[in-house]
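Please read the structure below before turning to the comments.
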Amino acid sequence: MATNDNTLKSLGLIYQAYIGLIKSLEMNPNDKIIMEHLGDVTLISLSHSSQQVEVKHHLEETTLSDRSQEIWNTVWNWYNNYDEYVDIDRMILFTTAKISQKSILRSWETMDIDSRYHVFKAIGEAQKKNEKGFRSTYNKIFSSNHNPQKLRSVLGRFEVLSEQQTIKSILNKYYKTTFKFLGDEKRMEEFVSSLIGVLLTLPIRQNQWEISYDDFNELFNNFARRFSDKFETPLQLSFEDYEPTISEKQFLSKKRFVSEIKRIDMPDEITDAINDYCRANKTIISFFESNIVRSKDLKDYRKELQKTLSFNKKIAKLKSDSKKILVASKTLYLESMAMEARPINGIINNRDFFQRGVIHSIVDDKELTWYIGDDK
């Protein structure tokens, strides 16, 4: 059951990220998208309608009745946290479920606010069997502390976008406009998947999922250039010959990547290692961290580099004599430092100093040790 639950959560998160992307495509200047703050997806707009979107994804075909918890829990959350949503113009339940043929929601858009309120309240006036979940939520809304004006305000902004069955069907409406430059649907799917991959990393980078109109435009345009032609940019070389200050050397000399060099008895390599680590780190901060696309490219490059180093270590371990582990460890280190700088996606001129610095960062993050006798 745990596996199924995790699968559902993962699919729900990916689906939610796609909805976040779609809402990002709808942004106007000065707008921003936030996820997992006020709710699933929030579009904050100063010039157009702000939206709060609750995203519900179902693996199987699902039908919503007037007493479905999906509806009532959503309304209760907005009503119970009313003050957080006073500036929201549209409160949307975005669901893959269908609306029952008998549901009041089928005529919801034709009702005025008072009619919506009375119809909504009337749903629970009659007691029925097997209504435990519904009754609990209904009673919380219509308790002795019930505020009719607040509920009217929520219901007046509430709308359901149902039967949103596939991501592809949602994106297809942009195929002949936003994604026209890609030429065909397959390229569109690849392009969108790449965007989603970066968007899913935003919480890791910012401690919350938030992107502004300007940041999204930069991200979109960077990927658009990548997909429309061979677009590469040169690595920033401002720090290629940088000499660390005395305080930087003192600080870096205490780091793990230095202690790992000491473990294999190669003190003469420490100065060069500190220089490369410092130069690469400053390059990352100034060149990669400010750009979402380049940050992902660096992450992919680092991951592949770590795999290569790990395989090389396993090979060295198989070849080494148990009495010559230290010699084999030193050889592994020197061969790793002498590796030709491999390309980074989107970068035309990776440099040896940068690759060596990234290798030291991999060691510093405990993803590798130089001593052949270690497991990792």
Between the main-chain N or O of [Y] and the side-chain N or O of [X], is there a donor-acceptor pair closer than 3.5 Å?
{"X": "Q16", "Y": "D40", "answer": "yes"}
{"X": "S212", "Y": "D215", "answer": "yes"}
{"X": "Q355", "Y": "R342", "answer": "yes"}
{"X": "N281", "Y": "Y277", "answer": "no"}
{"X": "E159", "Y": "L93", "answer": "no"}
{"X": "R106", "Y": "S100", "answer": "yes"}

May I ask you to say whether [X] pairs ionically with [Y], meaning some side-chain N is under 4.0 Å from a carboxylate O?
{"X": "D365", "Y": "K255", "result": "no"}
{"X": "D374", "Y": "R263", "result": "yes"}
{"X": "E248", "Y": "K282", "result": "yes"}
{"X": "E125", "Y": "K121", "result": "no"}
{"X": "D364", "Y": "R256", "result": "no"}
{"X": "E243", "Y": "R279", "result": "yes"}

Spell out, yes or no, whether [X] and [Y] are grouped together once hydrophobic residues are joined by side-chain heavy atoms under 4.5 Å, including indirect joins.
{"X": "V53", "Y": "L161", "answer": "yes"}
{"X": "V86", "Y": "V154", "answer": "yes"}
{"X": "L334", "Y": "L332", "answer": "yes"}

Angle class for the F191/F179 ring planes (parallel below 30°, perpendicular above 60°, tilted otherwise)?
-> perpendicular
So is K32 actually on top of Y213's ring, under 6.0 Å and inside 45° of the axis?
-> no
Is the NZ or CZ atom of R116 both under 6.0 Å from the centre of the six-membered ring of F120 and within 45° of that ring's axis?
-> no
Ring centres of F287 and F354 under 6.0 Å apart?
->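 For F287 and F354, the ring centres are not under 6.0 Å apart.
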Is the centre of the H57 ring less than 6.0 Å from the centre of the Y15 ring?
-> yes
Stepwise side-chain contact (heavy atoms from CB on, under 4.5 Å) test for E367 and S361 | CA-CA 9 Å; E367 296 173 19; S361 75; over 6 Å; no
Find the distance between CE (M27) and CD1 (I22) and round it off to the nearest 0.5 Å.
->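 M27 atom CE to I22 atom CD1 measures 13.0 Å (nearest 0.5 Å).
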Rounded to the nearest 0.5 Å, what's the gap from OH on Y371 to NZ on K330? Could you check?
->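 Reported to 0.5 Å precision, the distance equals 11.5 Å.
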Please examine the side chains of W209 and T42, heavy atoms only from C-beta on, and report whether any two atoms are closer than 4.5 Å.
-> no
Side-chain touch V41/F94, heavy atoms, less than 4.5 angstrom | no
CG (D87) with more than 12 external heavy atoms under 6.0 Å =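 Open: at most 12 neighbouring heavy atoms sit under 6.0 Å from CG of D87.
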Regarding N77 and N81, is there a side-chain donor-to-acceptor distance under 3.5 Å anywhere?
-> yes
Could you please spell out the steps behind the salt bridge (Lys or Arg N to Asp or Glu O under 4.0 Å) verdict for R152 and D112?
-> CA-CA 10 Å; R152 279 183 167 86; D112 60 26; over 6 Å; no
